[in-house]
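Bear in mind the structure is a predicted one, so any value in this text is a computation, not a measurement. All ligand and atom numbering here is 1-based and tracks the order in the structure. In what follows, every heavy atom counts, from backbone to side chain, and hydrogens, waters and symmetry copies are set aside. If you read the sequence from its start, that first residue is 1, and numbering goes on from there.
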Amino acid sequence: MGTTRRRSAGGAWAWTATAAVLLATLLFLPGCPPGDGGNTNGNGNTNGNGNANDNTPGDSGLTGKFVGANACRTCHGAVHATWLETLHATALETLEAIGSDVDPCLACHTVGYGEEGGFVDRHTTNSLAGVQCENCHGPGKDHIDHIGDPAFWPDVSIAAQVCGNCHTGAHHPNFDQWQESGHAGIQEDVIADLLEGGTFVNTCGVCHSGDVFVAARVNGETVPEDYFAGMTAEDLNPITCAVCHDPHAQTGNAAEPDEGRDFQLRFPDTAEPTASTAVADASNPDRFNLCGQCHHSRGRVWTSTTRGPHHSVQANMTIGEMPVPDGTAALVPAAASIHQMLSLQCTNCHMYRQDFESEVAPAISGHTFEVDYDACVACHQFPEAKVNTIQAEIQAALDGIADRLGDPAQWEYSAEGGPDETVQATLADEIKQVRFLYHYVLGDGSLGVHNPTYIRAIVAKADVILTSIGR
Ligand code: HEC
Ligand code: HEC
Ligand code: HEC
Ligand code: HEC
Ligand code: HEC
Ligand code: HEC
Ligand code: HEC
Ligand code: HEC
Ligand code: HEC
């Protein structure tokens with residue numbers, strides 16, 4: 001497969017023209033109160049199915065830089081066909097159904113509204129109705145007029161801003177909340193590694209860089225190590241909207257989408273893999289759900305000496321599995337979490353959503369990915385207290401283990417302040433096993449919640465091993 005696709009991070013065109021319109025729009029009428037708009041369109045005719053005398057759909061006003069999705073169909077037929085089934089394609093119908101196809105609303109529900117050559121009304125610019133190719137890729141006229149010329153290829157960007165121009169505000173704050181999340185940034189040291197190339201683009205980038213994830217994991221491309229050559233930190237996309245969402249298609253991957261919707265997830269909300277101790281399984285994203293595409297083990301086992309398990313073992317922990325060197329026995333028997341039964345798994349707790357109620361109770365989109373305790377009340381009366389209790393219990397157990405191991409300079413991983421590799425080779429297997437168990441729990445980050453039974457079994461096993469060697 002090709003690896004030469006242009007990347008661009010800015011989605012810059014969208015900011016210049018559309019943002020001004022949207023900003024102006026938002027100042028006057030943010031969001032989408034259903035049904036309270038006026039009931040006339042730009043021509044002063046009643047809207048509806050276009051049967052009023054001069055309201056017949058037409059394209060006489062289509063003279064500018066926007067050409068409409070139909071003009072892309074001949075050559076990009078596959079993308080066009082799947083896009084046509086998404087809610088984006090019928091976003092204007094949504095407004096018409098509630099009589100709100102009026103000024104402040106049209107900006108995010110049509111192509112180029114308020115811009116020269118953009119949507120005016122069904123009568124003059126019918127081809128620009130709905131959210132289309134050109135909302136995300138920029139105006140297409142120049143491309144159509146110079147098909148062979150790469151200089152006019154439309155922008156292809158997975159930058160969150162491309163979606164954030166519309167998915168913002170009190171009614172659908174997906175972008176605003178995403179910006180507050182850990183997914184909106186890349187760790188400084190990882191950025192440096194990615195820009196430098198070497199081997200990091202593939203080893204770290206596949207989970208930490210949205211560009212590499214989409215190229216490698218989604219599109220199956222081979223990503224060269226000089227992928228980011230000549231770019232700066234600002235050019236790198238973290239875990240953006242288009243990493244998790246297919247911009248072009250319904251996918252059927254959402255476990256419980258709202259009625260009539262799909263959510264366009266690239267991977268399923270839920271997965272039910274059988275627990276395994278094999279390294280190849282622990283680090284195989286095919287086994288896991290959407291979140292587990294990245295939140296899984298990187299394959300380290302207790303014989304590793306440089307570093308312990310990565311901070312990404314949440315999917316394995318929830319299933320209740322831990323990799324061990326091939327052919328050796330499990331350290332702790334497998335035990336799936338009681339929380340695996342949640343209908344959306346990770347998403348239940350980390351992406352709790354609530355509809356818009358009022359400006360003081362805006363929508364909660366779940367896109368901060370922070371745990372919302374309202375997600376627990378169906379099953380637990382005082383979930384926060386429950387979390388505090390188990391976290392205190394597990395933290396105390398971990399502190400006890402660290403105490404018994406003694407000075408970290410004697411037992412930690414070599415890259416984490418422990419002894420150098422020559423001393424590592426002399427450490428007892430029991431010490432290596434206990435430190436792995438210890439870091440497996442720490443790396444998961446939930447301190448018990450992801451899998452109460454299994455995580456208690458892990459710290460109990462560490463205790464048994466330490467006792468067996470008189471520590
Ligand atoms: C006459 C055929 C034709 C039409 C019509 C056409 N395109 Fe293209 N498009 C191409 C070709 C050829 C390329 C070059 C890249 C390729 O071969 O995929 C391209 C490239 C692109 C790219 C960049 C792809 C990349 O990998 O960087 C985008 C985005 C795109 N077109 C969108 C559109 C949109 C949106 C429309 C309608 C406004 C449109 N195209 C209309 C033929 C066409
Ligand atoms: C021009 C404004 C605009 C842009 C840009 C935009 N969207 Fe949307 N999006 C909408 C509107 C409006 C709807 C609701 C359509 C409806 O229900 O009629 C929507 C709906 C959606 C939905 C819900 C689909 C479903 O079936 O439940 C998803 C997911 C989505 N957009 C993701 C994205 C992503 C990802 C991007 C960027 C790659 C993006 N959108 C860019 C306006 C936009
Ligand atoms: C800032 C861009 C923007 C503006 C302005 C806007 N919308 Fe929306 N609208 C969206 C997006 C994005 C969605 C998709 C929400 C989602 O899927 O989470 C949407 C979805 C909708 C829906 C589908 C139901 C829902 O909430 O998901 C309705 C109805 C709607 N908008 C009506 C309106 C009306 C009426 C107005 C004018 C008062 C308006 N919109 C103005 C961006 C906008
Ligand atoms: C909601 C935003 C959005 C809409 C609407 C949209 N695209 Fe895209 N498109 C993207 C993003 C983001 C990418 C890059 C990620 C990817 O490849 O999945 C992309 C990639 C592409 C590519 C290059 C790679 C590929 O998947 O073939 C082409 C060509 C393309 N789009 C054409 C179109 C056409 C034609 C339409 C309309 C029929 C369209 N897009 C509608 C956001 C969008
Ligand atoms: C399998 C996917 C995956 C790979 C590959 C990966 N990471 Fe991570 N990494 C993650 C996830 C997921 C987190 C976030 C966990 C959390 O926030 O609890 C993370 C967290 C981190 C952190 C923050 C840890 C902390 O102390 O909070 C750093 C630094 C990091 N990774 C560096 C790297 C480097 C460097 C590489 C390549 C050598 C790499 N990662 C490869 C998934 C991965
Ligand atoms: C890490 C993955 C991930 C990222 C990044 C992400 N989403 Fe989502 N998104 C999801 C999941 C999962 C759901 C379904 C939640 C559920 O089932 O309740 C969802 C739901 C949605 C929905 C439909 C529900 C709603 O809020 O109306 C929209 C629209 C949406 N996302 C837009 C976006 C936009 C825009 C961005 C970027 C600013 C984004 N998402 C980033 C995973 C993601
Ligand atoms: C494409 C890879 C990828 C996917 C898919 C993904 N994540 Fe992440 N996630 C990361 C990385 C990388 C980090 C660490 C970011 C950092 O600190 O640099 C992270 C961090 C987090 C954090 C810690 C955030 C913080 O503020 O410190 C949570 C919680 C999280 N992810 C939950 C989820 C959930 C829930 C899903 C599924 C809806 C998901 N992730 C999907 C890669 C991913
Ligand atoms: C039963 C609810 C629940 C489920 C299901 C769940 N989590 Fe968590 N998760 C939590 C809680 C509670 C914490 C601890 C948060 C805290 O202390 O702030 C946490 C912590 C985390 C962290 C560390 C956050 C940080 O700030 O470092 C990550 C990453 C994470 N979860 C990802 C996931 C992934 C991926 C899944 C699915 C495999 C998942 N979670 C399933 C409740 C849940
Ligand atoms: C569908 C029901 C359900 C939901 C929703 C749910 N849990 Fe649980 N959870 C359980 C069951 C069942 C148990 C095992 C019995 C028990 O301890 O109550 C459990 C156990 C726990 C435990 C371990 C208690 C202990 O000390 O053994 C914690 C902590 C916990 N849940 C936190 C949460 C949090 C936080 C959320 C929301 C973010 C949540 N749960 C959502 C069903 C649920």
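The pair R217-D286 meets the salt-bridge criterion, since a charged nitrogen lies less than 4.0 angstrom from a carboxylate oxygen. Ion pair E115/K65 flagged as a salt bridge, since at least one NZ, NE, NH1 or NH2 atom sits closer than 4.0 Å to an Asp/Glu carboxylate oxygen.
If you check each of C166, C241, S365 against atom 36 (C) of ligand 6, the one with the closest non-hydrogen atom is C241. The closest non-hydrogen atom to atom 5 (C) of ligand 1, taken over A71, A69, G138, comes from A71. Of the candidates P154, P150, G68, C75, the one placing a heavy atom closest to atom 3 (C) of ligand 1 is C75. Of the listed options A91, A249, G210, C136, C136 places a heavy atom closest to atom 43 (C) of ligand 4.
Near C133, meaning under 4.0 Å from any of its heavy atoms, are these atoms of ligand 1: 35 (C). Residue L265 approaches ligand 6 through these ligand atoms, each under 4.0 Å from one of its heavy atoms: 10 (C), 11 (C), 12 (C), 13 (C). Short contacts between ligand 1 and V67, defined as distances under 4.0 Å to a heavy atom of the residue, involve ligand atoms 38 (C). Listed by number with element, the atoms of ligand 6 under 4.0 angstrom from any heavy atom of F369 are 1 (C), 3 (C), 4 (C). Atom numbering of ligand 4 starts at 1 in the shown order; those under 4.0 Å from a heavy atom of H88 are 1 (C). Under a 4.0 Å criterion applied to the non-hydrogen atoms of L290, ligand 6 contributes the atoms 12 (C). Using a 4.0 Å cut-off to heavy atoms of D269, the atoms of ligand 6 that qualify are 12 (C), 17 (O). Applying the 4.0 Å criterion to heavy atoms of I239 picks out, from ligand 6, the atoms 5 (C). Within ligand 6, the atoms closer than 4.0 Å to a non-hydrogen atom of H167 are 29 (C), 35 (C), numbered from 1 in the order shown. For ligand 4, the atoms closer than 4.0 angstrom to any heavy atom of Q132 are 5 (C). Using a 4.0 Å cut-off to heavy atoms of S157, the atoms of ligand 4 that qualify are 12 (C). Each of the atoms 13 (C), 14 (C), 20 (C) of ligand 4 lies under 4.0 Å from some heavy atom of V156. Distances below 4.0 Å separate heavy atoms of T240 from the following atoms of ligand 6: 5 (C).
A donor-acceptor pair is defined here as one N or O able to donate and one able to accept, closer than 3.5 Å; such a pair exists between the side chain of R287 and the backbone of D281. In this structure, the side chain of Q132 engages the main chain of S127 through a donor-acceptor pair within 3.5 Å. Under a 3.5 Å cut-off, the side chain of S209 and the backbone N or O of V212 do form a donor-acceptor pair. The closest donor-acceptor contact from the side chain of E321 to the backbone of N316 lies at 3.5 Å or more, if one exists at all. Distance alone, capped at 3.5 Å, is enough to place a donor-acceptor pair between the Q293 side chain and the P285 backbone. Between the side chain of H172 and the backbone N or O of G169, no donor-acceptor pair lies under 3.5 Å. Side-chain atoms of D101 never come within 3.5 Å of backbone atoms of E96 as a donor-acceptor pair (strictly under, hydrogens ignored). Looking at Q391, its side chain never comes within 3.5 Å of a backbone N or O of L447 through a donor-acceptor pair. A donor-acceptor pair under 3.5 Å is absent between the side-chain atoms of R353 and the main chain of G366, judged by distance alone. Proximity of a side-chain donor or acceptor of H80 to a complementary backbone N or O of H76 within less than 3.5 Å is not detected.
Because the distance cut-off is set at 2.8 Å, C244 fails to qualify as a neighbour of atom 8 (Fe) of ligand 6, as none of its N, O or S atoms comes that close. Atom 8 (Fe) of ligand 6 has H367 among its coordinating residues (N/O/S atom, backbone or side chain, under 2.8 Å).
Centred on atom 8 (Fe) of ligand 4, the angle running from H137 (NE2) to H248 (NE2) is recorded as 180°, rounding to 10°. The angle subtended at atom 8 (Fe) of ligand 1 by NE2 of H76 and NE2 of H143 is 180°, given to the nearest 10°.
Using cut-offs of 30° and 60° on the angle between ring planes, the pair H146 and F152 is parallel. Ring geometry for H295 versus H183: interplanar angle over 60°, hence perpendicular rather than tilted (30 to 60°).
Here's the thing with N174: one of its N/O atoms is less than 3.5 angstrom from an N/O atom of ligand 6. Residue H245 places at least one N or O, backbone or side chain, under 3.5 Å from an N or O of ligand 6. Ligand 6 has no N or O atom lying under 3.5 Å from any N or O atom of H183, backbone or side chain.
Counting heavy atoms closer than 4.0 Å to ligand 6, residue R353 contributes side-chain atoms (C-beta onward) but none from N, CA, C or O. For C72, heavy-atom contacts with ligand 1 shorter than 4.0 Å involve the backbone as well as the side chain. By the criterion of a heavy-atom distance under 4.0 Å, the side chain of R266, and not its backbone, is placed next to ligand 4. If you look at V243 next to ligand 6, there are no close heavy atoms at all, none under 4.0 Å.
For atom 15 (C) of ligand 6, the nearest non-hydrogen atom of the protein is T347 CG2, 3.8 Å.
Here F382 and H380 keep their ring centres 6.0 angstrom or further from each other.
Contact of the V156 side chain with the H137 side chain is registered, since non-hydrogen atoms from C-beta on lie closer than 4.5 Å.
Taking 4.0 Å as the cut-off, V79 counts as a neighbour of ligand 4 on heavy-atom distance. Residue R261 places a heavy atom under 4.0 Å from ligand 6. Ligand 6 lies nowhere less than 4.0 angstrom from a heavy atom belonging to H172.
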Q: Decide yes or no on side-chain contact (heavy atoms from CB on, under 4.5 Å) for N348 and H339, but give the supporting numbers first.
A: CA-CA 10 Å; N348 271 91; H339 287 141; over 6 Å; no
Q | Pair I458-M317, side-chain contact (heavy atoms from CB on, under 4.5 Å): steps then yes or no | A | CA-CA 10 Å; I458 294 174; M317 195 63 107; 3.9 Å; yes
